[in-house]
Amino acid sequence: MRAPLQQIETSGELPQSADAVVIGGGIVGVFAAYYLARRGMKVALVEKGRIGAEQSSRNWGWCRQQNRDARELPMATRSLDLWERFAADTGKDTGFRRCGLLYLSNDEAELAGWARWRDFAKTAGVTTHMLDSIEASERGRATGRTWKGGVFSPTDGTADPSRAAPAVAHAILMLGGSVHQNCAARGVETEGGRLSAVVTESGTIRTKLAVLAGGAWASSFCHQFGFRFPQASVRSSILSVSPGAEGLPDALHTARISATRRGDGGYTLAISGRGRVDVTPQQLRFSSQFLPMFLKRWRSLAPGGLQGVRSGHETLQRWRLDRPTPMERMRILDPVPDRATIRLTFARALELLPALRKTTISAAWAGYIDSTPDGVPAIGEIDPVPGLFLAAGFSGHGFGIGPGAGHLVADLVTGSEPIVDPTSYDPRRFDASVWGKVADF
């Protein structure tokens, strides 16, 4: 593991039965299990590796409304409240703070786009402040530059990717649920056309309800029972630096570099949207559906290598439930970061923020950002297996909206009034074209 992550001890022997089983211990999976457990359900969460070890600990930690696609904005808004409420209800610290997010730009078109989003956000009750040159340059004084303008979103914030998912897992245990690490779910069983069990490497859990929150593995899992879920991953590389830089914004975005203060006083540094596309059988299978996304983002993407094939998360292989699966051979997706991107990121950061010259690189890592063709997550019941609910394809947005997504999943599983309108997240929408529907983010 290159990305920092708090290690936790979890449950031992699997239960023979559960009211609900959650497959996947990332931020969405743990919050789904948490909200199910809060409703008095006997919940078992199974994770093939470690809690939060994949993309949930490898992101920036931003919890934002700013520049969200209209389909995700309601969930983003509710998630901010839920981040705060979680800490109040459990006493567990995810590192969440409404520190505000600062965007700076010298590009008139970019500023105009932010202004249009500000006008839209007003209709949804979201406050965001456009900054003129004087205000932007003052808030961005750590750069030592003059800026044409910017945005400050005061109610947005950040949480700590290294401890958020483990903190929620602890809360599940406090509520009487069980959490099982190094326990891969291999598949599901049905009776009478409905879900009847989740089969894991450590045994079978009888249940009538389950949630598949498998991140980058979700599509290959769905493939096992004939559900076509278009999903493709991009390898993104970021780094962290040691403490020592003073006077920097807590969270800053520019076109060249983005920086986020970490819980230890250091910073996470990244180039927004930049990534490498590692070829996989699954990418080839869904290539036509991802064409609109690629045409919109091709300037930020570069060809990758064979890491994706070796990792096995986007295989078209069918596996047996009584034999080891690709998930057991690759417990944690830990791709090698793109060294050229790491060098470029650090060089740009030192140029933009001179205070970072007092720091050194403390870690560098990569992660697979699992995307859908329109960049909006898939949340809903899977038609071929009634009782099984999908929550995947968060397209790099899952950490910030994790609490809202988990709450919505729990609502759908229990038949409760949904926290937000689930229509936009229906997995069946991929039966139609996404031309003209790719998210702006």
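A salt bridge does not link Asp431 with Arg228: every distance from a Lys NZ or Arg NE/NH1/NH2 to an Asp or Glu carboxylate oxygen is 4.0 Å or more. A salt bridge links Arg256 to Glu351: one of the charged nitrogens lies within less than 4.0 Å of a carboxylate oxygen. Looking at Asp160 and Arg261, no side-chain N of the basic residue comes within less than 4.0 Å of a carboxylate O on the acidic one, giving no salt bridge. Between Lys48 and Glu54, at least one side-chain N (NZ, or NE/NH1/NH2) sits under 4.0 Å from a carboxylate O, which counts as a salt bridge.
Between Tyr35 and Phe31, the ring planes are parallel. Angles under 30° get that label, and only those over 60° would be called perpendicular.
Sorted by first and then second residue, the pairs that involve residues 89-98 and meet side-chain hydrogen bond (donor to acceptor under 3.5 Å, both in side chains), not counting sequence neighbours, are Asp81-Arg98, Glu84-Arg98, Asp93-Arg163.
Taking all atoms of both residues into account, the shortest heavy-atom contact from Pro230 to Pro373 is O-CD, 3.6 Å.
Taking 4.5 Å as the limit, every side-chain heavy atom of Asp278 sits out of range of all side-chain heavy atoms of Glu314. Looking at Arg276 and Leu301, their side chains never come closer than 4.5 Å, going by heavy atoms from C-beta outward.
Here the two rings, on Phe394 and Phe399, have centers that are 6.0 Å apart or farther.
Residues satisfying the side chain to side chain contact (heavy atoms under 4.5 Å, CB included) criterion with Arg78, sequence neighbours excluded, are Ile419, Val420. Listed by chain and number, the residues in a salt bridge (charged side-chain N to carboxylate O under 4.0 Å, His left out) with Arg343 amount to none (sequence neighbours excluded).
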